[in-house]
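Below: the structure, in structure tokens.
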Amino acid sequence: MDGTIFNIQKFCVNDGPGIRTTVFVKGCPLNCLWCHNPESKSTNTEIFYNPKKCISCRKCAMLCENACHGFSENGHAYSRESCLACGKCSEECYSGALEKVGYKISVEDALKAVLKDKTFYEKSGGGITVSGGEPMAQFEFTYALLEASKKAGLHTCMETCGFAPSERYEKIAPLVDIFLFDYKISDSSEHNKYTGVPNEKIHENLRMLDSLGAKTILRCPIIPTVNDNEAHFNGIADMANSLKNIIGIDIEPYHPLGESKTEMLGKEYPLSSLTFPEKATVDAWIEYIQKNTAVKVKKA
């Protein structure tokens with residue numbers, strides 16, 4: 001069983017309890033305007049290009065069979081329209097201006113990479129986290145990886161946007177110790193406006209998992225001018241109060257780190273006017289939500 005991933009990140013401390021290794025799966029059904037991993041949206045392999053790093057060595061132009069790289073007095077011109085994302089140019093890019101994003105990996109090889117740090121998991125209460133993108137976008141691979149992880153004795157977490165067929169969540173639930181479940185925008189029409197999908201199915205899946213006894217942590221990105229309002233904060237608290245097996249609420253303050261990666265994909269970032277919120281502002285968000293729920297609220 002092979003999947004397409006874009007990273008295996010070690011020593012993660014914000015993707016569930018303890019020290020963890022996070023496997024980032026490519027593909028997502030949502031199109032959140034603030035996405036900090038825009039390279040995760042497509043299941044296809046892509047190429048990052050950072051013109052600031054280019055030294056005009058022209059090695060990419062010599063290697064590319066489709067003539068996607070051209071050079072003139074104006075510098076390096078990269079044509080994505082004819083690019084097959086084969087990655088030959090990035091393999092020989094001396095300066096790192098070109099980078100292949102996404103590669104095939106088997107469940108066995110992914111688990112082998114994760115198990116290298118099993119000692120750290122055992123001492124810290126950590127394990128494997130499958131994230132993305134959306135792990136359900138490659139359900140068979142995600143299921144097989146989590147199944148193999150449980151057989152290897154690992155604690156498992158899965159981060160999910162919640163937008164997938166309910167039967168998939170029902171099937172995978174026994175393999176997941178904690179769901180890191182995104183709760184983005186309480187109002188469905190606003191959710192649709194900023195993520196590309198309504199939220200009714202998401203909430204249905206969250207409640208269904210709770211009814212099965214699955215432990216969840218709500219992961220709540222707070223984006224200034226989008227959902228930093230009392231109506232949404234009340235929605236977070238109300239949802240938490242309705243769940244029997246929730247164990248925490250993680251507030252994820254907006255950060256513009258997805259902007260540079262969006263540009264390296266040759267796309268325009270839609271929220272370029274936003275910046276990091278002040279610490280006092282984030283503290284006020286957490287304090288407001290905490291006053292309305294007994295579930296522990298903290299900054300992720």
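Note that the structure is a prediction, hence the values are computed from the model and not measured. Hydrogens, waters and symmetry mates are skipped; everything else that's a heavy atom, side chains included, is used.
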message: Looking at Gln290 and Thr293, would you say the former's side chain and the latter's main chain have a donor-acceptor pair under 3.5 Å?
response: yes
query: Atom CG in Asp187, atom NE2 in His232: separation rounded to 0.5 Å?
result: 10.5 Å
- prompt: Are Thr262 and Glu268 close enough that some pair of their side-chain heavy atoms sits under 4.5 Å apart?
  reply: no
field: Audit row: Ser56, Phe71, side-chain contact (heavy atoms from CB on, under 4.5 Å) steps and yes/no
entry: CA-CA 8 Å; Ser56 296; Phe71 290 85; 4.1 Å; yes
query: Is the shortest heavy-atom distance from the side chain of Cys32 to the side chain of Tyr194 under 4.5 Å?
result: no
task: Say whether Tyr169 and Thr160, considering side chains only, have a donor N or O and an acceptor N or O under 3.5 Å apart.
output: yes
query: Can a salt bridge be assigned to the pair Lys291 and Glu287 using a cut-off of 4.0 Å between side-chain N and carboxylate O?
result: yes
- prompt: Taking 4.0 angstrom as the limit, do Glu46 and Lys26 come out as a salt bridge?
  reply: yes
message: Are the side chains of Leu218 and Asp250 in contact, using a 4.5 Å heavy-atom criterion?
response: no
- request: Count the heavy atoms of every other residue, nucleotide or ligand shown that sit under 6.0 Å from CD of Glu167, and state whether that count exceeds 12.
  value: yes
- prompt: So, Glu39 side chain and Phe48 main chain: donor-acceptor pair closer than 3.5 Å or not?
  reply: no
message: Looking at Ile47, is its backbone amide N or carbonyl O close enough to the side chain of Arg80 to form a donor-acceptor pair, meaning the two atoms are under 3.5 Å apart?
response: yes
task: Would you check if there is a donor-acceptor pair between the side chains of Ser188 and Glu200 at a distance under 3.5 Å?
output: yes
- line: One should read off an interatomic distance between Ile217 CD1 and Cys157 SG, to the nearest 0.5 angstrom, of 6.5 Å
- prompt: Do Asn241 side-chain atoms and Ala237 backbone N/O form a donor-acceptor pair below 3.5 Å?
  reply: yes
- prompt: Which of these, Leu111, Val23, Val130, Val107, sits in a side chain to side chain contact (heavy atoms under 4.5 Å, CB included) with Leu146?
  reply: Val130
message: Within the structure provided, determine whether Asn50 and Lys261 are in side-chain contact (heavy-atom separation under 4.5 Å).
response: no
message: With no hydrogens and no angle check, just 3.5 Å: does a side-chain donor-acceptor pair link Tyr121 and Thr21?
response: yes
- request: Any chance you could lay out the side-chain contact (heavy atoms from CB on, under 4.5 Å) test for Arg20 and Gln9, step after step, and finish with the verdict?
  value: CA-CA 9 Å; Arg20 313 192 71 81; Gln9 187 171 336; over 6 Å; no
- prompt: Given the rule in the side chain to side chain donor-acceptor pair (under 3.5 Å) test, do Ser106 and Asp2 qualify, once you have shown the distances and angles that lead to the verdict?
  reply: CA-CA 4 Å; Ser106 67; Asp2 289 345; 4.7 Å; no
Polar contact flag, side-chain donor to acceptor under 3.5 angstrom, Tyr254-Asp228: no
query: Taking side chain as C-beta onward, heavy atoms only, is Met158 less than 4.5 Å from Thr142?
result: yes
query: Any side-chain heavy atom of Thr156 sitting closer than 4.5 Å to one from Leu175?
result: no
Note: Glu204-Lys201 ion pair, threshold 4.0 Å (strictly below): yes
message: Measuring only between side-chain heavy atoms, which start at C-beta, is Val25 closer than 4.5 Å to Glu134?
response: no
Polar contact flag, side-chain donor to acceptor under 3.5 angstrom, Lys41-Asn31: yes
task: For Ile178 and Pro17, work out which heavy atoms get closest and say how close.
output: CD1-CD, 3.9 Å
task: Kindly compute the distance separating OG1 (Thr216) from CG (Leu209), expressed to the nearest 0.5 Å.
output: 8.0 Å
task: Can you establish whether the number of heavy atoms outside Phe120 located under 6.0 Å from its atom CZ is more than 12?
output: no
- request: Under the side-chain contact (heavy atoms from CB on, under 4.5 Å) rule, what do Ser149 and Leu145 come out as? Steps first, then yes or no, please.
  value: CA-CA 6 Å; Ser149 297; Leu145 178 57; 4.2 Å; yes
Short side-chain to backbone donor-acceptor contact, Gln138 and Thr4, under 3.5 Å: yes
- prompt: Is Asp283 paired with Lys299 through a side-chain N to carboxylate O contact shorter than 4.0 Å?
  reply: no
query: Measuring from Ile185:CD1 to Ile223:CD1, what's the distance to the nearest 0.5 Å?
result: 8.0 Å
- prompt: In the single-linkage hydrophobic clustering (I, L, V, M, F, W, Y; side-chain heavy atoms under 4.5 Å), do Phe139 and Phe163 co-cluster?
  reply: yes
query: His203 vs Tyr183 aromatic rings, parallel, tilted or perpendicular, using cut-offs 30° and 60°?
result: parallel
query: Looking only at atom types and distance, does a side-chain atom of His191 sit under 3.5 Å from a main-chain N or O of Ser186, one as donor and one as acceptor?
result: no
message: Would Lys171 and Tyr143 count as a cation-pi pair here, with the cationic atom under 6.0 angstrom from the ring centre and within 45° of the axis?
response: yes
- prompt: At what distance, to the nearest 0.5 angstrom, does CG of Leu154 lie from CD of Glu122?
  reply: 8.5 Å
- prompt: Going by an N to O cut-off under 4.0 Å, is there a salt bridge joining Asp15 and Arg219?
  reply: yes
query: Taking C-beta and beyond as the side chain, do Pro256 and Phe276 meet within less than 4.5 Å on heavy atoms?
result: yes
Atom of Leu33, atom of Tyr269 and distance for their closest heavy-atom approach: O-CE1, 3.9 Å
- prompt: Between Ile236 and Tyr288, does a side-chain contact (heavy atoms from CB on, under 4.5 Å) hold up when you go through it step by step?
  reply: CA-CA 11 Å; Ile236 294 172; Tyr288 184 94; over 6 Å; no
message: Looking at Lys215, I'd like to know if its NZ atom is crowded, meaning that more than 12 non-hydrogen atoms belonging to other residues, nucleotides or ligands lie closer than 6.0 Å.
response: no
query: Considering residues, nucleotides and ligands other than Lys88, do more than 12 of their heavy atoms fall under 6.0 Å from its NZ?
result: no
query: Which atom names give the shortest non-hydrogen contact between Cys161 and Lys184, and what distance separates them?
result: CB-CE, 4.4 Å
- line: In terms of heavy-atom contacts, Gly132 and Asn37 come closest through O-ND2, 3.7 Å
message: Would you say Ser82 and Asn66 are linked by a side-chain donor-acceptor pair, where the criterion is simply a distance under 3.5 Å?
response: no
Spatial distance of atom CZ (Phe11) from atom OG (Ser124) [nearest 0.5 Å]: 9.0 Å
- prompt: Side chains of Arg58 and His69: do they bring a donor and an acceptor to under 3.5 Å?
  reply: no
- request: Please report the shortest heavy-atom distance between Ala85 and Thr45, naming the atom on each side.
  value: CB-O, 3.4 Å
message: A quick test of your reading: do over 12 heavy atoms of other residues, nucleotides or ligands sit less than 6.0 Å from OH of Tyr94?
response: no
- request: Would you tell me whether Lys10 and Thr22 have side-chain atoms, one donor and one acceptor, within less than 3.5 Å of each other?
  value: no
